[in-house]
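As structure tokens, the structure follows; a few thoughts come after it.
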Amino acid sequence: DGNMSMRKNKISNEQIAEYLILNPDFFDENPEVLNSLKIVHDSGAAVSLIEKQVEYLRSNYNSTTDKLLSILENAKNNEDLFFLTQKLLLSLIDAENIKEIIKLIERAFKKDFGAKESRLIFFSNTSTNIPKERTEDSDKALKVLGDKLKSKNLYCGGLDKKAKDFLFGKTSNLVEVALIPLKCKSVSGLIALGSEKEGKYNANKDSIFLDFIAKVTTKVIDKKNE
């Protein structure tokens with residue numbers, strides 16, 4: 001028994017695993033070993049190797065199924081996003097004036113894209129084609145929004161109450177915003193979106209589609225200002 005114990009101690013788990021992998025017929029030639037194997041279950045009870053295999057296969061199947069469902073769900077969401085974006089862009093191209101463009105964008109983000117708040121605003125307006133009520137003083141906007149206004153990049157995240165009130169009015173329920181800059185030739189502005197839920201806007205996830213909408217919006221506004 002002592003010699004057997006010493007031999008056991010000298011054999012590592014890696015060596016045993018390697019031997020069994022290299023000799024797949026070991027259990028066929030030694031069935032009594034396979035029959036005597038018992039594996040301790042998570043609950044503490046000993047189960048047979050077959051039962052453990054079934055449990056492993058089932059958990060592996062469930063994991064694979066969950067991943068597949070997640071992939072399919074993302075694909076469906078992306079497909080929906082594509083068609084809704086296409087619908088919005090086609091309507092923007094057909095819009096008669098900037099007032100209609102503003103209306104279409106704000107309605108689409110709230111109705112189709114799930115934003116709680118949606119507002120398109122401009123700064124230092126020198127164009128008579130843009131409604132005056134949609135123009136905010138650039139100095140005041142810069143003071144409230146700071147670097148977020150000067151940035152050329154999309155911003156996603158939280159805002160202080162003063163900034164949220166400036167953009168959306170008294171909307172204390174908003175916990176997250178997306179600020180999408182509009183760099184038109186005649187005027188600067190932004191599309192401001194607000195959400196009551198965290199995780200709605202993510203710069204990595206949404207930046208491509210939001211930037212695309214912003215670029216088209218910029219183009220159609222410039223067209224109406226020619």
When you look at NZ of Lys197, are more than 12 heavy atoms from neighbouring residues, nucleotides or ligands closer to it than 6.0 Å? no

Sole residue of Leu210, Leu154, Leu167 in side-chain contact (heavy atoms from CB on, under 4.5 Å) with Leu179: Leu167

Verify side-chain contact (heavy atoms from CB on, under 4.5 Å) between Asn225 and Ile130, making sure each step is shown before the conclusion. CA-CA 9 Å; Asn225 270 330; Ile130 295 175; 4.1 Å; yes

Could you tell me which non-hydrogen atom of [X] sits nearest to which non-hydrogen atom of [Y], and how far apart they are?
X: Gln15; Y: Ser12; answer: OE1-N, 2.8 Å
X: Asp222; Y: Cys184; answer: OD1-CB, 3.3 Å
X: Ser91; Y: Leu88; answer: OG-O, 2.6 Å
X: Tyr201; Y: Ala178; answer: CG-CB, 3.7 Å
X: Val175; Y: Glu198; answer: CG2-N, 3.8 Å
X: Val220; Y: Thr217; answer: CG2-O, 3.1 Å

For residues 19-27, tabulate all N or O donor-acceptor pairs below 3.5 Å that involve a side-chain atom, not counting sequence neighbours.
{"residue": "Asn23", "atom": "ND2", "partner": "Tyr19", "partner atom": "O", "Å": "2.8"}

Are [X] and [Y] side-chain neighbours, meaning at least one heavy-atom pair lies under 4.5 Å?
X: Leu81; Y: Leu84; value: no
X: Tyr155; Y: Asp147; value: no
X: Leu174; Y: Phe168; value: yes
X: Leu190; Y: Ile180; value: no

First locate atom [atom1] of [X], then atom [atom2] of [Y], and finally report the distance between them rounded to the nearest 0.5 Å.
X: Leu142; Y: Glu136; atom1: CG; atom2: CD; value: 13.5 Å
X: Lys148; Y: Asn153; atom1: NZ; atom2: CG; value: 13.0 Å
X: Phe122; Y: Ile221; atom1: CZ; atom2: CD1; value: 3.5 Å
X: Leu145; Y: Lys162; atom1: CG; atom2: NZ; value: 10.5 Å

CA sep, side-chain torsions, deciding dist, call: Asp139, Lys143, salt bridge (charged side-chain N to carboxylate O under 4.0 Å, His left out): CA-CA 6 Å; Asp139 291 335; Lys143 187 176 180 180; over 6 Å; no

Can Gln86 and Phe82 be said to form a side-chain contact (heavy atoms from CB on, under 4.5 Å), step by step? CA-CA 6 Å; Gln86 178 181 259; Phe82 171 78; 4.0 Å; yes

I'd like to know if Lys215 and Asp211 make a salt bridge, using a cut-off of under 4.0 Å between side-chain N and carboxylate O. no

Donor-acceptor contacts, no H, no angles, side chain residues 95-110, under 3.5 Å, sequence neighbours left out:
{"residue": "Asn97", "atom": "OD1", "partner": "Lys99", "partner atom": "N", "Å": "3.3"}
{"residue": "Asn97", "atom": "OD1", "partner": "Glu100", "partner atom": "N", "Å": "2.8"}
{"residue": "Glu100", "atom": "OE1", "partner": "Glu96", "partner atom": "N", "Å": "3.0"}
{"residue": "Glu106", "atom": "OE1", "partner": "Arg134", "partner atom": "NH2", "Å": "3.0"}
{"residue": "Glu106", "atom": "OE2", "partner": "Leu120", "partner atom": "N", "Å": "2.9"}
{"residue": "Glu106", "atom": "OE2", "partner": "Arg134", "partner atom": "NH1", "Å": "2.4"}
{"residue": "Glu106", "atom": "OE2", "partner": "Arg134", "partner atom": "NH2", "Å": "3.4"}

Between Phe113 and Phe209, is the ring centre distance below 6.0 Å? yes

So Leu89 and Phe212, side-chain contact (heavy atoms from CB on, under 4.5 Å) or not? Walk me through it. CA-CA 10 Å; Leu89 298 185; Phe212 182 48; 3.2 Å; yes

So, does [X] use its side chain to make a donor-acceptor pair with the main chain of [Y] at under 3.5 Å?
X: Arg119; Y: Ile191; answer: no
X: Glu196; Y: Lys116; answer: no
X: Glu176; Y: Cys156; answer: no

